[in-house]
K.L.:
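Just dropping this structure here.
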Amino acid sequence: MGSSEEISNQELPEQLQKRIMELEHLNRDYLGMLENSYDGLLIADGESRILYINPSIERIMGLKYPDSIGKTTKGLTEAGITDASATLKVIESGQKETVVINTINGKIALSTGVPSYDSNGKIHRVYCNVRDITDLNQLKQKHQQTQVLASKYLAELNQLKKNNNSEIIAHSKEMRKVIDLAYRVANVDSSVLLLGESGVGKDLIAKIIHKASPRNEAGLFLKINCGAIPENLLESELFGYETGAFTGASKEGKAGYFEFVNKGTLFLDEIGDLPKNMQVKLLNVIQDQKVTRVGGVKPREIDVRILAATNKNLEEMVMHGLFREDLYYRLNVLPITIPPLRERREDILLIAQHYADHFNKKYNLNVKFSKEAIEILSKYDWPGNVRELTNLVERLIIIAQETVITPEHIPPKYHSACEPLTLEYNYQAKTLNDAMEEFENKFIAQMISHCGSREEAAVQLDISLSSLTRRIRRLRKSKLTLVND
């Protein structure tokens, strides 16, 4: 035992020396960590007196090492060098605290202080970590701005996708309003009444409403032309029929269009042509959301949104007893009026170019419009609206023998807006009435010749087709036969 104790005593100075070296190395490592930390580090005593700061504190807080040692953080705050102190918060609460500091050099810092206690339970030291969040705040603001821009661009992209999917060429302010309104009403289930002249694109607006609605995923979109189905078949087509309901009926019965598009959208085009007896039944279906098949007694529940369209004046029809008032108000919850092409002339060029590209691709051609041809198309009133323009563009693309369509290729009636209407008149009429009838007859005849049809001539003359027909009949009775059948 004695010999082992002697050996131990002999080795003791060497062990102490080794331990001291280890502590010195460890102290250098700790000091290196403190001095090279990107975050600011501060040590204070229980009186908030600063005992140590690292170089990052100088960068963040603007404090200098020699000048700060021995000063209190309370004094720095009172002097306006900082507006808050984690050390003071820790001393007040006795627990870990975090504060945001605005420094005198324009930095924003996040400071967290942690207390250390002595044997008597008093705060002996406060260790503070100070992090510069100025760059983080700027990045946050840039991120928020980027998010706003991203949301804006996403909304614009979605709108472009919607416009591209809608198949409607709309540059004019009037049509953009119509399309925007269509997207707004798509999110509700109220009935929509689409109004406008023939060929303006009411069916395309109806498709937009359905495609943008939740019903696009849940059900079908079906268009029914109320004027194209014979009256004696319309009821069974719309509402279906039971077994043996009538001669020739299927033995199994048949579901009508309302049942077929359940959860979807039914587009009733030319609603003004719906027979009076069918108007009552349609009203009941819209109100109750139930349909009873022909020959049946049991109503079937349905969930169908109704879109209706007409080029007629339903209000006048209601006044003359041709259309039920209660059905009119049921359909007219959300009216959308589509302007004719002549009221949005800035769309004419775009539509013509769009369909020229379409038909060139379809027929493997490369035909373009000359500037003069486009001017003629832009000035024409297009009584047949987009449908008429589309048909003309296809015709011109197909029959053109050159690669450029010039005014010579365009039929004469489309030049009427660019050329004055002139009449040769014989002043040898015997009476004023005879002269007026002769002038009226010639004028109407030439207008029909220019326009190509009575319908278009009526639009140009700003009278109804029935009024034009009555005038022609009256003139024939006067034995003036310039207007042909």
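The structure presented is a predicted model; accordingly, all values stated were derived computationally and were not measured.
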K.L.:
Can you list the steps and then say if Arg300 with Glu242 is a salt bridge (charged side-chain N to carboxylate O under 4.0 Å, His left out)?
P.N.:
CA-CA 12 Å; Arg300 302 167 184 261; Glu242 297 289 3; 3.2 Å; yes
K.L.:
Where do Ala182 and Ile208 come nearest, in terms of heavy atoms and distance?
P.N.:
CB-CG2, 4.1 Å
K.L.:
Hey, does the Lys NZ or Arg CZ of Arg59 hover above the aromatic six-ring of Tyr38, less than 6.0 Å from the centre and inside 45° of the axis?
P.N.:
yes
K.L.:
If we check side-chain contact (heavy atoms from CB on, under 4.5 Å) with Tyr328, which of these qualifies: Leu331, Asp326, Asn332?
P.N.:
Asn332
K.L.:
If you measure from CG on Asn54 to OG on Ser37, what distance do you get to the nearest 0.5 Å?
P.N.:
6.0 Å
K.L.:
I'd like to know whether NE2 of His358 has more than 12 heavy-atom contacts from other residues, nucleotides or ligands below 6.0 angstrom.
P.N.:
yes
K.L.:
With side chain to side chain contact (heavy atoms under 4.5 Å, CB included) as the test, would you mind laying out the steps for Leu234 and Glu231 before giving the verdict?
P.N.:
CA-CA 5 Å; Leu234 188 57; Glu231 184 176 346; 5.6 Å; no
K.L.:
Short question: side chain of His409, backbone of Thr406 - any donor-acceptor pair under 3.5 Å?
P.N.:
yes
K.L.:
Measure the spacing between CZ of Phe359 and CG of Asn364 and express it to the nearest 0.5 Å.
P.N.:
15.0 Å
K.L.:
Do Ile397 and Ile405 have side chains that get closer than 4.5 Å, going by heavy atoms?
P.N.:
yes
K.L.:
Between Met33 and Leu41, does the side chain to side chain contact (heavy atoms under 4.5 Å, CB included) criterion hold? Intermediate values first, please.
P.N.:
CA-CA 10 Å; Met33 290 176 61; Leu41 300 173; over 6 Å; no
K.L.:
Using the salt bridge (Lys or Arg N to Asp or Glu O under 4.0 Å) criterion, which residues pair with Arg131? Sequence neighbours excluded.
P.N.:
Asp39
K.L.:
Just wondering, more than 12 heavy atoms not from Lys276 lying within 6.0 Å of its NZ?
P.N.:
yes
K.L.:
Between the main-chain N or O of Val367 and the side-chain N or O of Asn360, is there a donor-acceptor pair closer than 3.5 Å?
P.N.:
yes
K.L.:
Would you call Asp381 and Arg345 a salt bridge, using N to O less than 4.0 angstrom?
P.N.:
yes
K.L.:
What are the two closest non-hydrogen atoms of Lys368 and Asn366, and how far apart are they?
P.N.:
CE-OD1, 4.0 Å
K.L.:
So, taking the atom named NZ in Lys281 and the one named CD in Glu235, what distance separates them when rounded to the nearest 0.5 Å?
P.N.:
2.5 Å
K.L.:
Start with the C-alpha distance between Ile306 and Arg330, add both sets of side-chain angles, then the distance that settles side chain to side chain contact (heavy atoms under 4.5 Å, CB included), and finish with yes or no.
P.N.:
CA-CA 10 Å; Ile306 301 295; Arg330 277 288 179 182; over 6 Å; no
K.L.:
Side chain of Thr469, backbone of Leu465: donor and acceptor closer than 3.5 Å?
P.N.:
yes
K.L.:
For the residue pair Asn391 and Arg387, establish whether any side-chain heavy-atom pair is separated by less than 4.5 Å.
P.N.:
yes
K.L.:
Begin from the C-alpha positions of Phe369 and Leu396 and carry the test side chain to side chain contact (heavy atoms under 4.5 Å, CB included) through to its verdict.
P.N.:
CA-CA 9 Å; Phe369 284 92; Leu396 294 175; 3.8 Å; yes
K.L.:
Taking the side chain from Arg305 and the backbone from Val192, do they hold a donor-acceptor pair closer than 3.5 Å?
P.N.:
no
K.L.:
Side chains of Leu314 and Ile271, heavy atoms from C-beta outward: is any pair under 4.5 Å?
P.N.:
yes
K.L.:
Do the non-hydrogen side-chain atoms of Asp189 and Arg215 ever get within less than 4.5 Å of each other?
P.N.:
yes
K.L.:
Using a 6.0 Å cut-off, check whether atom CD of Glu346 has over 12 heavy atoms from anything other than its own residue.
P.N.:
yes
K.L.:
Do Tyr380 and Tyr414 have ring centres separated by under 6.0 Å?
P.N.:
yes
K.L.:
State, to 0.1 Å, how close Ile101 and Ser111 come at their nearest heavy-atom pair, and which atoms those are.
P.N.:
CD1-CB, 3.5 Å
K.L.:
Is the closest side-chain donor-acceptor distance between Ser198 and Asn311 under 3.5 Å?
P.N.:
no
K.L.:
Please answer whether the main-chain N or O of Val304 pairs with a side-chain N or O of Gln289 as donor and acceptor at a distance below 3.5 Å.
P.N.:
yes
K.L.:
How long is the straight-line distance from NZ of Lys96 back to OG1 of Thr112, given to the nearest 0.5 Å?
P.N.:
6.0 Å
K.L.:
State plainly whether the residues Lys312 and Glu270 are in salt-bridge range, i.e. N to O under 4.0 Å.
P.N.:
no
K.L.:
For Thr337 and Val178, work out which heavy atoms get closest and say how close.
P.N.:
O-CG2, 3.6 Å
K.L.:
Compare all side-chain heavy atoms of Pro407 with those of Ser370 and state whether any distance is below 4.5 angstrom.
P.N.:
yes
K.L.:
Would you say OH of Tyr363 has more than 12 non-hydrogen atoms from neighbouring residues, nucleotides or ligands within 6.0 angstrom?
P.N.:
yes
K.L.:
Do the non-hydrogen side-chain atoms of Asn284 and Thr292 ever get within less than 4.5 Å of each other?
P.N.:
no
K.L.:
Is there a side-chain contact between Met175 and Ile338 in this structure, where contact means two heavy atoms from C-beta onward sitting under 4.5 Å apart?
P.N.:
yes
K.L.:
Quick check: does any side chain N or O of Asn262 sit under 3.5 Å from a backbone N or O of Asp303, one acting as donor and the other as acceptor?
P.N.:
yes
K.L.:
Is there a donor-acceptor contact under 3.5 Å from the side chain of Ser172 to the main chain of Asp347?
P.N.:
no
K.L.:
Search all heavy atoms of Gly196 against all heavy atoms of Lys202 and return the closest pair with its distance.
P.N.:
O-NZ, 3.1 Å
K.L.:
Do Ile57 and Cys128 have side chains that get closer than 4.5 Å, going by heavy atoms?
P.N.:
no
K.L.:
Strictly by modelled atom types, are Tyr355 and Glu394 linked by a side-chain donor-acceptor pair under 3.5 Å?
P.N.:
no
K.L.:
Tell me the ring-ring contact (aromatic ring centres under 6.0 Å, His included) pairs involving residues 253-289, sequence neighbours left out?
P.N.:
Phe239-Phe258
K.L.:
What are the two closest heavy atoms between Val130 and Ile60, and how far apart are they?
P.N.:
O-CD1, 3.5 Å
K.L.:
So does Lys371 pair up with Glu375, basic N to acidic O under 4.0 Å?
P.N.:
no
K.L.:
Can you tell me how far CD of Gln279 sits from SG of Cys226, rounded to the nearest 0.5 angstrom?
P.N.:
9.5 Å
K.L.:
To the nearest 0.5 Å, what is the distance between CD1 (Ile348) and CG (Leu377)?
P.N.:
8.0 Å
K.L.:
Whether the side chain of His171 engages the backbone of Ile351 through a donor-acceptor N/O pair (distance < 3.5 Å, no angle test) should be reported.
P.N.:
no
K.L.:
What residues, two or more places apart in sequence or in another chain, satisfy salt bridge (Lys or Arg N to Asp or Glu O under 4.0 Å) together with Lys223?
P.N.:
Asp203, Asp269
